[in-house]
Novice: 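Supplied in structure tokens, the structure appears directly below.
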Amino acid sequence: MNFSNRPVWLLPAIAAAVSLVAVFAILAARDMGGSQAGAARSGPVRVSGEADIGGPFTLVNHHGETVTEADFRGRPMLIYFGFTYCPDICPMSLQVMGAALDQLPDDMAERVQPVLISVDPERDTPEQLARYVDSEAFPDNLVGLTGTPAQVRNAADAYRVYYARIESEGMSDYLMDHSSVIYLMDGEGKFVEVFPHGTAPDALADRLQHFLEETAARS
């Protein structure tokens, strides 16, 4: 699909549509013995069974350190794939993530690791990510991850994330079209839930609290 001639104002709508496609793809990936995926909705998409989402990755954090998925073991993660030059969809999603975590008791919020994985490794250097994740509007302790194009592609493929570079006449620079969903992964790096674009902070906070309470009860 070629979006190079589409006006910039259409990009949020395109990203939202891609997000719904991503949600359907994630639901279709579930190993549920042939059961059918339900309809997408603006709240969390709950799953049962094993979903083939996530997996090993090697990336570079905003401090310039090489990290893998093993470095995050022991803490649930909220993961968002985006880029720092994104005009609206990405900062909006990160603000939702931050607002949801702010609604949790401090001891609960501190257990969750928010993560931004860049789909624009050409411009999103560790230095650029460090400036970006420091925004007070974003979650506390937000970690930014980037890497080589191949490393980023491998991570995106593991999470079934779509992204593509968009060139447009009259623009001095390019943008990235990408799916816009927030992933909840457990402390072992296993997929728990996906929250499509448009999920309200209180809905995300409510699901996080229940998940953390359930996790604590099992430990």
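Everything numeric here is computed off the predicted structure, so don't read it as measured data.
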Novice: Taking the side chain as C-beta and beyond, is there a heavy-atom pair between Q95 and P91 under 4.5 Å?
Specialist: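 Yes, side chains in contact.
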Novice: Within the 3.5 Å criterion, strictly below it, is a donor on D124 or Y85 matched to an acceptor on the partner's side chain?
Specialist: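 Absent: no donor and acceptor within the cut-off.
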Novice: If you define the side chain from C-beta out and look only at heavy atoms, does anything of Q209 sit under 4.5 Å from F211?
Specialist: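 In short, these two side chains do not touch, never coming nearer than 4.5 Å.
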Novice: By the definition side chain to side chain contact (heavy atoms under 4.5 Å, CB included), identify the one residue from D140, L142, V143, I182 that meets it with P114.
Specialist: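 Among D140, L142, V143, I182, the one meeting side chain to side chain contact (heavy atoms under 4.5 Å, CB included) with P114 is L142.
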Novice: Closest approach of S118 and P121, non-hydrogen atoms and distance?
Specialist: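 Taking every non-hydrogen atom into account, OG-N, 4.0 Å.
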Novice: Evaluate side chain to side chain contact (heavy atoms under 4.5 Å, CB included) for C90 paired with F83, printing each intermediate quantity in order.
Specialist: CA-CA 7 Å; C90 302; F83 66 112; 4.0 Å; yes
Novice: With rounding to the nearest 0.5 angstrom, report the OG1 to CD distance, T148 to E122.
Specialist: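 So the OG1 of T148 and the CD of E122 are separated by 13.0 Å.
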Novice: Do K190 and M185 have side chains that approach each other closer than 4.5 Å (heavy atoms only, starting at C-beta)?
Specialist: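 They are not in contact (no side-chain heavy atoms under 4.5 Å apart), so the answer is no.
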Novice: Is the closest basic N to carboxylate O distance between D173 and R123 below 4.0 Å?
Specialist: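 Counted as a salt bridge, because a side-chain N and a carboxylate O are separated by less than 4.0 Å.
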Novice: Can you list the steps and then say if Q151 with T58 is a side-chain hydrogen bond (donor to acceptor under 3.5 Å, both in side chains)?
Specialist: CA-CA 6 Å; Q151 288 173 330; T58 299; 5.5 Å; no
Novice: Please enumerate all residues that pass ring pair (Phe, Tyr, Trp, His ring centres under 6.0 Å) together with F138, with sequence neighbours excluded.
Specialist: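 Per chain and number, F138 pairs via ring pair (Phe, Tyr, Trp, His ring centres under 6.0 Å) with Y132.
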Novice: Atom CG of L78 and atom OG of S93: how far apart are they, to the nearest 0.5 Å?
Specialist: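 Here the rounded value is 12.0 Å.
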Novice: Look only at the side chain of H62 and the backbone of P126, and say whether a donor-acceptor pair between them is shorter than 3.5 Å.
Specialist: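 Between the backbone of P126 and the side chain of H62 there is no qualifying donor-acceptor contact (under 3.5 Å).
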Novice: Taking only residues two or more places apart in sequence or in another chain, which ones pass salt bridge (Lys or Arg N to Asp or Glu O under 4.0 Å) with E127?
Specialist: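 Residues passing salt bridge (Lys or Arg N to Asp or Glu O under 4.0 Å) with E127: none at all.
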Novice: Can you find a pair of side-chain heavy atoms, one from R207 and one from V192, that are under 4.5 Å apart?
Specialist: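 Touching, per the 4.5 Å side-chain cut-off.
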Novice: Pair F81, L116 - check side chain to side chain contact (heavy atoms under 4.5 Å, CB included), show working.
Specialist: CA-CA 6 Å; F81 284 78; L116 166 66; over 6 Å; no
Novice: Ignoring hydrogens and angles, tell me if any N or O in the side chain of D71 forms a donor-acceptor pair with the backbone of T68 under 3.5 Å.
Specialist: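 Between the backbone of T68 and the side chain of D71 there is a qualifying donor-acceptor contact (under 3.5 Å).
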Novice: Would you say the side chain of L59 lies within less than 4.5 Å of the side chain of I117, judging by non-hydrogen atoms?
Specialist: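 Contact flag for I117/L59 side chains = yes.
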Novice: Donor-acceptor pairs under 3.5 angstrom involving side-chain atoms of residues 100-112: please list them, not counting sequence neighbours.
Specialist:
| unit_1 | atom_1 | unit_2 | atom_2 | d |
| --- | --- | --- | --- | --- |
| R111 | NH2 | L212 | O | 3.3 |

Novice: Side chains of L208 and L184: does their closest heavy-atom pair fall under 4.5 Å?
Specialist: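 Side-chain contact under 4.5 Å: yes.
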Novice: Using 0.5 Å steps for rounding, measure from the CG atom of L145 to the CD1 atom of I79.
Specialist: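 Those atoms lie 8.5 Å apart.
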Novice: Looking at S180 and H197, would you say the former's side chain and the latter's main chain have a donor-acceptor pair under 3.5 Å?
Specialist: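 Checked: no pair found.
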Novice: Output yes when a side-chain donor or acceptor of Q113 lies under 3.5 Å from a complementary backbone atom of N141, and no otherwise.
Specialist: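 Yes: the side chain of Q113 pairs with the backbone of N141.
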Novice: Are the charged groups of R160 and D52 less than 4.0 angstrom apart, N to O?
Specialist: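 Judged by the 4.0 Å cut-off on N to carboxylate O distance, R160 and D52 do form a salt bridge.
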Novice: Measure the shortest side-chain to side-chain distance between P76 and D186 over non-hydrogen atoms and say whether it is less than 4.5 angstrom.
Specialist: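 Side-chain contact under 4.5 Å: no.
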Novice: I'd like to know whether the aromatic ring centres of Y159 and Y183 sit less than 6.0 Å apart in this structure.
Specialist: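 So the answer is yes for these two rings.
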Novice: Is it true that V152 and M176 fall in one hydrophobic cluster, defined by side-chain heavy atoms closer than 4.5 Å?
Specialist: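 Yes; tracing contacts between hydrophobic side chains, which count when under 4.5 Å, links both residues.
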Novice: Please report the C-alpha distance between T125 and T146 in whole Å, then the side-chain angles of each, then the deciding distance to 0.1 Å, and finally whether the side chain to side chain contact (heavy atoms under 4.5 Å, CB included) criterion is met.
Specialist: CA-CA 7 Å; T125 62; T146 186; 6.0 Å; no
Novice: Hey, could you give me the OH/CD distance between Y174 and E167, rounded to the nearest 0.5 Å?
Specialist: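 The CD atom of E167 is 8.5 Å from OH of Y174, to the nearest 0.5 Å.
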Novice: With the side chain counted from C-beta on, respond yes when F195 and M97 share a heavy-atom pair under 4.5 Å apart, and no when they do not.
Specialist: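 Not in contact.
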Novice: Please test D120 against Y163 for side-chain hydrogen bond (donor to acceptor under 3.5 Å, both in side chains), starting from the C-alpha separation and ending with a verdict.
Specialist: CA-CA 9 Å; D120 185 15; Y163 67 96; over 6 Å; no
Novice: Using 30° and 60° as the class boundaries, would you call the ring planes of F57 and F72 parallel, tilted or perpendicular?
Specialist: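 F57 and F72: tilted rings.
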Novice: Sub-3.5 Å donor-acceptor pair from the side chain of R73 to the main-chain atoms of E188, do we have one?
Specialist: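 Judged by distance alone, yes, a pair lies under 3.5 Å.
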